[in-house]
Amino acid sequence: MRKKIIIGNWKMNYSVNVAENFLNDIKDSINTNEVDVVICPNFTCLDRISNLIDNTNISLGAQNVYFENSGAFTGEISADMLNGLDVNYCIVGHSERRNIFNETDDIVNKKVIKLLKSNITPILCVGENLNDRNNSDHFSVVYNQLKNSLKDITDISNVVIAYEPIWAIGTGVSASEIDANDMCKYIRESISKMYDTNIANNIRIVYGGSVKASNAKLLLNMDNIDGALVGGACITNEFVAIVNY
Ligand code: PGA
């Protein structure tokens with residue numbers, strides 16, 4: 001039985017004092033009995049948020065990582081540095097990173113490999129744009145992202161996959177629960193072919209893109225959707241309602 005996982009991607013929001021106040025306000029209302037909860041604040045908040053959730057079951061995630069160990073990579077953060085702050089998860093391949101910062105599948109692949117070596121669970125994002133969907137290319141686009149991002153990785157038991165159609169991110173228009181479930185099912189079948197049925201049955205595949213309190217239950221009750229990656233709604237009180245769906 002796959003345990004649901006709700007991940008909050010705070011994106012580039014909140015300076016550290018605001019972040020602490022926000023989390024202090026909601027953290028006691030977050031029920032972690034039934035679901036795993038991961039909060040991914042920006043890098044500057046990781047340390048203080050790490051302390052704040054120390055004695056809770058809420059896990060800490062980062063929004064990005066660089067694949068090298070250390071050295072002359074101005075502005076980058078290594079997996080080792082994330083380990084130093086008790087970061088257990090890290091988002092990779094988010095469409096904002098792919099589109100604004102030109103991250104390729106090859107870079108995403110290196111990051112996933114590095115995270116796995118560092119015992120940090122990658123939250124690997126894949127998803128098509130509106131053109132792909134209108135041209136019925138969405139399955140092949142997602143398949144290629146998946147295949148390329150997981151290249152040369154033999155053990156993916158510690159990976160979470162997030163299906164995030166770009167047209168649903170930050171738009172207020174979520175994929176329907178049927179379409180989201182269909183793609184998550186397709187991803188599971190693809191994993192089954194790339195690896196095996198056992199791995200496919202156990203891997204968590206979540207949906208992201210305009211998840212909010214009003215649609216969380218519908219999406220999260222679908223067979224193949226094992227959780228949610230939440231952006232906009234996770235920096236509001238709605239996050240509590242989504243987790244406690
Ligand atoms: P959204 O973002 O919930 O604001 O659509 C999701 C994401 O980017 O992960």
Check your understanding: Do Asp226 and Lys3 meet the salt-bridge criterion of a basic N to acidic O distance under 4.0 Å?
Key -> no
**Study point:** Rounded distance (nearest 0.5 Å) linking atom CG of Asn64 with atom SG of Cys40
**Key:** 11.5 Å
Point to revise | Spacing of Ile123 atom CD1 and Asn9 atom CG [to the nearest 0.5 Å] | key: 8.5 Å
Review point. Quick one: does Thr56's side chain have a donor or acceptor within less than 3.5 Å of a partner on Ile58's backbone?
Key: yes
**Study point:** Nearest atoms (heavy-atom pairs only) where Asn224 meets Asn181
**Key:** N-OD1, 2.8 Å
Practice item. Identify which one of Asp80, Asn109, Asn69 satisfies the side-chain hydrogen bond (donor to acceptor under 3.5 Å, both in side chains) criterion when paired with Lys114. Key: Asn69
Exercise for review: Could you tell me whether a side-chain N or O of Asn42 sits under 3.5 Å from a main-chain N or O of Cys45, the two making a donor and an acceptor?
Suggested key: yes
Exercise for review: Go through the structure and list residues passing salt bridge (charged side-chain N to carboxylate O under 4.0 Å, His left out) with Glu96, not counting sequence neighbours.
Suggested key: Lys11
Point to revise | Under 3.5 Å: donor-acceptor pair, side chain of Arg2, backbone of Asn201 | key: yes
Check your understanding: If only atom types and distance count, is the side chain of Ser192 paired as donor or acceptor with the main-chain N or O of Arg188 below 3.5 Å?
Key -> no
Point to revise | Whether Asp137 side chain and Ser140 backbone form a donor-acceptor pair below 3.5 Å | key: no
Check your understanding: Which value, rounded to the nearest 0.5 Å, describes the distance between Leu124 atom CG and Cys90 atom SG?
Key -> 11.0 Å
**Study point:** Heavy-atom closest pair, residues Val160 and Ile5
**Key:** CG2-CD1, 4.5 Å
Practice item. Only counting residues at least two apart or in another chain, list the ones meeting side chain to side chain contact (heavy atoms under 4.5 Å, CB included) with Asp25. Key: none
**Study point:** Common cluster, Ile39/Phe43, ILVMFWY with side-chain heavy-atom separation under 4.5 Å
**Key:** yes
**Study point:** Cluster overlap Val126 with Met222, hydrophobic side-chain contacts below 4.5 Å
**Key:** yes
Check your understanding: Is there a donor-acceptor contact under 3.5 Å linking the side chains of Arg97 and Asn102?
Key -> no
Review point. Under a single-linkage definition using a 4.5 Å side-chain heavy-atom cutoff for Ile, Leu, Val, Met, Phe, Trp and Tyr, are Val206 and Ile156 assigned to the same hydrophobic cluster?
Key: no
Review point. Shortest non-hydrogen contact from Ala180 to Ile225?
Key: CB-CD1, 3.8 Å
Review point. Do Tyr89 and Pro122 touch side chain to side chain, with heavy atoms closer than 4.5 Å?
Key: no
**Study point:** Neighbour count above 12 (heavy atom, 6.0 Å) for Lys117 NZ
**Key:** no
**Study point:** Donor-acceptor under 3.5 Å (Asn135 side chain, Asn131 main chain)
**Key:** yes
Check your understanding: Rounded to the nearest 0.5 Å, how far apart are CG of Asn148 and OG1 of Thr104?
Key -> 9.5 Å
Review point. Between Asn33 and Asn31, is any side-chain donor less than 3.5 angstrom from a side-chain acceptor?
Key: yes
Study note, to complete from the structure: By ring-ring contact (aromatic ring centres under 6.0 Å, His included), Phe73 pairs with (sequence neighbours left out) Tyr66
Review point. Would Arg98 and Asp105 pass as an ion pair if we require N to O under 4.0 Å?
Key: yes
Check your understanding: Are Leu219 and Val173 co-members of a hydrophobic cluster defined by side-chain heavy atoms under 4.5 Å apart?
Key -> no
Exercise for review: Quick one: do Asp179 and Arg133 satisfy side-chain contact (heavy atoms from CB on, under 4.5 Å)? Show the steps, please.
Suggested key: CA-CA 11 Å; Asp179 285 345; Arg133 174 136 308 241; 3.8 Å; yes
Review point. Is Ser190 reaching over with its side chain to a backbone N or O of Tyr143, donor-acceptor style, under 3.5 angstrom?
Key: no
Exercise for review: Kindly indicate, with the supporting measurements, whether the criterion side chain to side chain donor-acceptor pair (under 3.5 Å) is fulfilled by Asn158 and Thr121.
Suggested key: CA-CA 6 Å; Asn158 190 27; Thr121 301; 2.7 Å; yes
Review point. Are the side chain of Thr32 and the backbone N or O of Asn57 linked by a donor-acceptor pair below 3.5 Å?
Key: no
Check your understanding: So how far is it from Phe139 CZ to Asn144 CG, rounded to the nearest 0.5 Å?
Key -> 14.0 Å
Study note, to complete from the structure: Lys4 and Leu220 have their tightest heavy-atom pair at NZ-O, 2.6 Å
Practice item. Kindly indicate whether the side chain of Ile166, heavy atoms from C-beta on, has any atom under 4.5 Å from the side chain of Asn99. Key: yes
Point to revise | Closest heavy-atom pair and its distance - Ala62, Leu46 | key: CB-CD1, 4.3 Å
Review point. Would a 4.5 Å heavy-atom cut-off, applied to side chains only, mark Met194 and Lys147 as touching?
Key: yes
Exercise for review: Show your working on side-chain contact (heavy atoms from CB on, under 4.5 Å) between Leu82 and Ser118 and close with a plain yes or no.
Suggested key: CA-CA 9 Å; Leu82 297 182; Ser118 308; over 6 Å; no
Review point. What residues, two or more places apart in sequence or in another chain, satisfy ring-ring contact (aromatic ring centres under 6.0 Å, His included) together with Tyr14?
Key: Trp10, Phe22
Practice item. Determine whether the side chains of Asp155 and Ser157 contain a donor N or O and an acceptor N or O closer than 3.5 Å. Key: yes
Show the atom names and distances, to 0.1 Å, of all donor-acceptor pairs under 3.5 Å that link a side chain in residues 231-242 to residues at least two apart or in another chain.
unit_1 : atom_1 : unit_2 : atom_2 : d
Thr236 : OG1    : Ala233 : O      : 2.9
Thr236 : OG1    : Glu238 : N      : 3.1
Glu238 : OE1    : Ala213 : N      : 2.7

Review point. Among Asn88, Asp86, Ile53, Leu52, which one satisfies side chain to side chain contact (heavy atoms under 4.5 Å, CB included) with Leu60?
Key: Ile53
Review point. Could you give all pairs that pass the salt bridge (Lys or Arg N to Asp or Glu O under 4.0 Å) test and reach residues 208-225, with sequence neighbours left out?
Key: none
Check your understanding: Do Glu128 side-chain atoms and Val142 backbone N/O form a donor-acceptor pair below 3.5 Å?
Key -> no
Point to revise | Interatomic spacing from CD in Glu103 to NZ in Lys110 - rounded to 0.5 Å | key: 11.5 Å
**Study point:** Heavy-atom side-chain contact between Ile153 and Leu116 under 4.5 Å
**Key:** yes
Review point. Do Tyr186 and Tyr207 belong together in a cluster built from hydrophobic side chains that touch within less than 4.5 Å?
Key: yes
Review point. Is there a side-chain contact (heavy atoms from CB on, under 4.5 Å) between Ile113 and Lys151 once you walk through the steps?
Key: CA-CA 9 Å; Ile113 291 172; Lys151 189 168 146 276; over 6 Å; no
Point to revise | Side-chain donor/acceptor of Asn215 to backbone N/O of Val211, under 3.5 Å | key: no
Practice item. Search all heavy atoms of Gly93 against all heavy atoms of Val108 and return the closest pair with its distance. Key: CA-CG2, 3.7 Å
Check your understanding: Would you say the side chain of Leu115 lies within less than 4.5 Å of the side chain of Val65, judging by non-hydrogen atoms?
Key -> yes
Practice item. Please check if any side-chain donor atom of Tyr245 sits under 3.5 Å from a side-chain acceptor atom of Glu34, or the reverse. Key: no
Review point. Is Lys185 paired with Glu189 through a side-chain N to carboxylate O contact shorter than 4.0 Å?
Key: yes
Review point. So, do Asp36 and Ile6 sit near enough that their side-chain heavy atoms are less than 4.5 Å apart?
Key: no
Practice item. Return yes if a side-chain donor-acceptor contact under 3.5 Å exists between His94 and Gln63, otherwise no. Key: no
